[in-house]
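As structure tokens, the structure follows; a few thoughts come after it.
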Amino acid sequence: MELAYYSDYAVRLVNSEEPGRNKDALTTVEAIRELFGPSTQMARRATDSDVTRFRSVRARLRAVFEAADGGDETLAVDLLNSLLLEFPVSPQISGHDHRDDDGRPLWHLHLADHPSNATAGYAAIAAMGLAFHLTEHGVDRLGLCEATPCRNAYLDTSTNRSRRYCSDRCATRANVAAYRARKRLETERSASTGRTAPSAQRASTSGERRPGAGGR
């Protein structure tokens, strides 16, 4: 498993809550286990106590994205460093069962799976993955969706650093909303112009001299 893959752990945890919609999917042990994906061994350690602990880590990870999205790089790094210190990882070189064409192991870094509890394990790999993405691609690659009221976290992997939304769905919704707003503005301007034009014409006419009128 490559380190870049672990950054998705942070995104999945942060997006388990949608504050703008008052939604929180992280309410049961089963929801926690789903966050782990294929890491079933670590997921089996989850208990009811992890629900509260996961929510605490989630709030801290969201704070990292909020700082990055707000342009405060130093704060984002400091917040992430505090998570790395509290939830250290044990990297190991692993080849698993993957081989290249010559039969040699495909070596890569893997984070060892022996934490004290499910929260510690998840927090460690999420923080490490996010740290790898941040140092490899830049703090400005951590963002929050601009589509109201979404604000889901995302990792910008675009070539021109242009991503603004967490998904195509949010991008489409935002574009439609912007289009409708422009149409409303055009309609209001058109209506305003239609109302004022006759008044202006009457004012101009009343100010003209009648034929034959003038001073003696």
Side-chain angles (χ1 to χ4, degrees), residues 1-19 24-29 31-94 96 107-145 150-157 161 163 166:
M1 188 179 294
E2 298 179 357
L3 287 179
Y5 172 83
Y6 288 118
S7 59
D8 190 53
Y9 276 63
V11 174
R12 290 205 301 268
L13 179 53
V14 171
N15 292 346
S16 66
E17 180 186 29
E18 298 180 72
D24 188 349
L26 198 57
T27 58
T28 64
V29 175
I32 290 177
R33 289 171 178 163
E34 289 179 4
L35 289 173
F36 282 97
S39 301
T40 56
Q41 181 178 352
M42 198 185 306
R44 283 196 293 268
R45 299 195 183 112
T47 67
D48 290 333
S49 300
D50 285 300
V51 174
T52 300
R53 290 194 291 255
F54 260 71
R55 286 177 171 177
S56 176
V57 172
R58 179 179 64 188
R60 295 170 66 182
L61 285 171
R62 174 170 282 277
V64 175
F65 278 92
E66 288 174 343
D69 188 68
D72 195 336
E73 295 191 11
T74 301
L75 178 58
V77 170
D78 287 344
L79 292 172
L80 188 51
N81 272 336
S82 69
L83 283 166
L84 290 170
L85 288 171
E86 185 173 345
F87 303 103
V89 297
S90 301
Q92 293 180 344
I93 298 175
S94 176
H96 294 305
W107 301 113
H108 58 271
L109 280 177
H110 176 82
L111 302 186
D113 186 10
H114 47 73
S116 58
N117 56 63
T119 303
Y122 196 100
I125 59 180
M128 185 63 196
L130 200 56
F132 174 81
H133 190 93
L134 185 151
T135 54
E136 185 73 9
H137 303 289
V139 179
D140 58 341
R141 293 289 188 151
L142 278 60
L144 293 173
C145 185
C150 180
R151 303 302 284 168
N152 271 351
Y154 65 82
L155 299 173
D156 186 0
T157 57
R161 299 173 182 265
R163 186 170 178 178
C166 68

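Nothing fancy with the numbering, it's 1 onward along the sequence.
Contact between Leu61 and Ala126 at its shortest, heavy atoms only, is CD1-CB, 4.2 Å. The shortest heavy-atom contact between Ala124 and Pro88 is CB-O, 3.7 Å. Annotation for Ala76 and Ala68: closest pair CB-N, 3.9 Å, computed over non-hydrogen atoms. Shown here for Ala46 and Ile32, the closest heavy-atom pair between the two residues is CB-CG2, 3.9 Å. Of all heavy-atom pairs spanning Glu17 and Asn152, the tightest one is O-OD1, 4.2 Å. Across every non-hydrogen atom of Ile125 and Val89, the tightest pair is N-CG1, 4.4 Å.
Between Tyr122 and Phe54, the ring-plane angle classifies as tilted under the 30° and 60° cut-offs. Between Tyr9 and Tyr5, the ring planes lie perpendicular to each other; the angle is over 60°, past the 30° to 60° tilted range.
The pair Asp69-Arg151 counts as a salt bridge, with a side-chain nitrogen and a carboxylate oxygen less than 4.0 angstrom apart.
Val51 places none of its side-chain heavy atoms less than 4.5 Å from the side chain of Thr28. For the pair Thr47/Asn117, no side-chain contact is recorded, criterion being any heavy-atom separation below 4.5 Å from C-beta on. Residues Val11 and His133 are not in side-chain contact: their nearest non-hydrogen atoms beyond the backbone lie 4.5 Å or more apart. Within the 4.5 Å cutoff, the side chain of Val14 has no heavy atoms near those of the Tyr154 side chain. In this structure, the side chains of Arg55 and Thr27 come closer than 4.5 Å at one or more pairs of heavy atoms. Side-chain contact between Glu66 and Leu144: present, with at least one pair of heavy atoms (C-beta onward) separated by less than 4.5 Å. Side chains of Thr119 and Thr52 form no contact here, defined as non-hydrogen atoms less than 4.5 Å apart.
We find the CG-CG distance between Leu134 and Asp140 to be 9.0 Å, quoted to the nearest 0.5 Å. In this structure, the separation between CG on Leu83 and CG on Asp78 is 11.5 Å, given to the nearest 0.5 Å.
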